[in-house]
Amino acid sequence: MTPNKTLHLYNSLSGKKEPFVPLHEGRVGMYVCGPTLYSEPHMGNMRTFINFDFIYRCLLHFGYQVKYVRNITDAGHITNSAGQEVDSIGSAARLEQVQSLEIVYKYNVKFQELQRLYNLLPPNIEPTATAHIQEQIEVIEQILENGFAYVENGSVYFDVKAYLQHFPYGELSGRKVEELEHETRALNAQEEKRFFADFALWKKAHPDDMQVWRSPWGNGNPGWHIECTAMSTKYLGKQFDIHGGGMDLKFPHHEDEIAQNCGSFGCNPARYWLHANMLNVNGQKMSKSFGNYFLPKEIVEGSSPLFSKPYAASVVRFFMLQAHYRSTLDITEEALNASEKGFERLMEGLSLLDKISPSNESSFSVEDWKQSAEAALLDDFNAPILIANLFEAVKQIHALNEGKAQLNESDLSLFRDTLAQLTFDVLGVEPIENQGNARLDGVMEVVMALRQKAREQKDWATSDMIRDGLAKAGIQIKDGKEGTSWG
RNA sequence: GGUCUCGUGGCCGAGCGGCUAGGCACCGGUCUGCAAAACCGUAUACUCCGGUUCGAAUCCGGACGAGACCUCCA
């Protein structure tokens, strides 16, 4: 296989890998569906955000000027399978006996903390649904004007049957409306919808609603899908390059977004639809309703009952990027431990590189290696192959260290720069900082000197007593060629 | 039930017609007073049954198994 020189990405819309051609050369508009803030995002949610952060970083690495928009859902009503109106945020607010806004604010603060913890680059804009009610109303008005929606008792519904006269529905998820009809529940008698596939754009206010907005159709709440259409249009235009989100949003959310966009502006909002796959626990998708979830904070604090020890956020991030974003990933303690060890080896390799001196000649091609690593990114953001290339580099670093390989000054500097870029800027991991403790350092210095003295006197009993005693205290002694270290 | 995806060595995972990633564990070696650590190296695989092909983990068909979606979801 010849390495790709241009970016190819898998488009869910076509089901194929396609060459990436942005609408405007050198620029990329990307919209990713963010969290609904009625609770704290779990690790599975984080996987999607980490994956799109990685994709964002790849695009930046290749020099694209990216406008990255990720919304925050802080309002919205949806009709569930029983035909009941669901307002997750309102429910959470009632449960916690506070205002909706308080719920949203509380979980937004937590989400921002998580972004920092997992080293997610901030999007250019993080718009909220509640700040864009007017824009949502305007899109609904446009859809009504185009004849693809109808008003019923203060609510507005998308008219799938009318829409089907002009556009296909179900292209993204590969569904046909005729098939859907047989598979889905019958229309509930109390429902106002004319057709089972119709969905709410605006929902009339309910007496229990904590948040209500005015609209041309009376007081109410926006539907669950319309915010993405309104905000992506406002910040990225009627059509933009990349739309991302979790696989589980494909239907109905993204399908309805396409319908809303076509129904108002006549075009699919995005040219490339990217879907990140799910995080599994014991072969099953992590989800709130299965109860098999844990929080991104718990794994770092070591408070999740699923794991016997804490893991650094970078280790978790590294673990996740060892799988491709389109594959499901099974999280287990054993797999995390494997990633942790590998991650430490990578980090130690990188710091070893700082100590390497240049030679007159180069014994291997840094340029070839760099191209191979970048080819992985160009091929639908293949993080696992990028990581394999990083470990290949670690091998070369050890060869350099042992004098079995050489690099001249310019190659060495290219090697250093590229490695740092790919590891820290693209993969987005951070070196694990040793929690320095000046007093302990001082004590250890004395202890190590005592042990060294014992060793010189071949007093193995004392030397081993120190080593074993420290091991019991959780401090490991590492005897190397250039002295002894501990950690 | 319908639609779709997937079954790769002890584990996690790439690859998706010939070049058989990578990490961890295992085993062997170097180093070491011994050990650990570190480094080097070997080995182990494509669920099963057919078919296409000079050649299949990779394409096609079937069986079995797992998962996702089918108006909560990242």
Side-chain angles (χ1 to χ4, degrees), chain A residues 1 15 32-36 38 41-52 78-84 86 88 91 170 173-176 179-180 182-185 193 196-200 224-225 244-253 255-256 275-280 283-290 318-319 322-324 326-343 345-346 348 352 376 379 382-392 395 398-399 401-402 404 455 458-460 463-464 467-468 471 476-481 484-487:
Chain A
M1 192 177 77
V32 173
C33 291
T36 301
Y38 65 100
H42 59 61
M43 206 62 235
N45 302 331
M46 278 309 289
R47 184 185 177 205
T48 296
F49 301 136
I50 289 171
N51 274 134
F52 281 103
I78 198 160
T79 309
N80 73 7
S81 56
Q84 295 158 331
V86 174
S88 312
S91 307
S173 54
R175 282 160 217 277
K176 292 189 171 63
E179 283 172 8
L180 275 174
H182 299 292
E183 297 155 18
T184 328
R185 69 200 156 81
K193 295 196 286 188
F196 78 95
D198 295 351
F199 53 93
W224 202 271
H225 313 299
M247 200 79 104
D248 49 356
L249 292 183
K250 231 180 187 180
F251 187 88
H253 183 61
E255 205 66 78
D256 289 346
H275 288 97
N277 218 322
M278 301 291 105
L279 181 67
N280 285 357
Q284 195 185 39
K285 171 187 165 183
M286 177 180 287
S287 85
K288 285 243 158 78
S289 41
F290 291 148
F318 185 72
F319 163 74
Q322 276 184 299
H324 191 261
R326 279 195 290 119
S327 303
T328 54
L329 169 65
D330 239 278
I331 190 164
T332 60
E333 175 140 34
E334 199 180 352
L336 267 173
N337 284 337
S339 286
E340 185 176 49
K341 287 226 172 183
F343 179 71
R345 200 162 80 83
L346 175 62
E348 277 161 25
L352 185 59
D379 184 17
N382 199 320
I385 292 190
L386 168 67
I387 290 174
N389 275 280
L390 294 179
F391 280 111
E392 185 54 43
K395 223 173 212 183
H398 288 298
N401 188 44
E402 285 160 29
K404 291 176 186 161
R455 292 182 76 200
K458 297 194 193 289
D459 179 3
W460 309 127
S463 152
D464 290 355
R467 182 216 283 161
D468 298 345
Q476 195 187 35
I477 298 280
K478 297 175 187 176
D479 290 327
K481 278 179 190 162
T484 302
S485 63
W486 57 277

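Hydrogens, waters and symmetry mates are skipped; everything else that's a heavy atom, side chains included, is used. Computed from a predicted structure; not experimentally measured. Lettering follows sequence order; numbering is per chain, from 1.
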_Stem list for RNA chain B, please, built from Watson-Crick and G-U wobble pairs under 3.5 Å and keeping only runs of at least 3._
B:1-7 with B:64-70, B:10-12 with B:22-24, B:27-30 with B:38-41, B:47-51 with B:59-63

*Please tell me which of the listed nucleotides, B:A36, B:C34, B:C12, lies nearest to the side chain of A:T332?*
B:C12

*Between A:M286 (CE) and B:A74 (C1'), how many Å, whole number?*
11 Å

*Among the nucleotides B:C34, B:A14, B:A74, which one has an atom lying closest to any side-chain atom of A:H324?*
B:A14

_Nucleotide nearest A:D330 when distance is taken to its side chain, options B:G13, B:G33, B:C39_ = B:G13

_Here's a test of your reading of the structure: between A:R345 and A:T48, which maps to the more 5' nucleotide of RNA chain B?_
A:R345

*Have a look at A:R47 and say if it touches a base, only the backbone sugar-phosphate, or nothing, with a 4.0 Å heavy-atom cut-off.*
nothing

*Using a cut-off of 4.0 Å on non-hydrogen atoms, how would the nucleic acid contact of A:K458 be classed: base, sugar-phosphate, or nothing?*
nothing

*Please report, rounded to the nearest Å, how far the P atom of B:G2 is from the NZ atom of A:K176.*
15 Å

_Regarding A:K250, tell me which of base, sugar-phosphate or nothing describes its non-hydrogen contacts under 4.0 Å with the strands shown._
nothing

*Among B:G22, B:G15, B:C39, find the nucleotide with the atom closest to the side chain of A:Q322.*
B:G22

*Whole-Å distance between B:G13 C1' and A:R326 CZ?*
15 Å

*From the list B:C73, B:C12, B:G13, which nucleotide is the closest neighbour of the side chain of A:A323?*
B:G13

*What nucleotide among B:C39, B:C73, B:U71 has an atom nearest to a side-chain atom of A:A197?*
B:U71

*Base, sugar-phosphate, or nothing: which does A:S327 touch, judged by heavy atoms less than 4.0 Å apart?*
sugar-phosphate

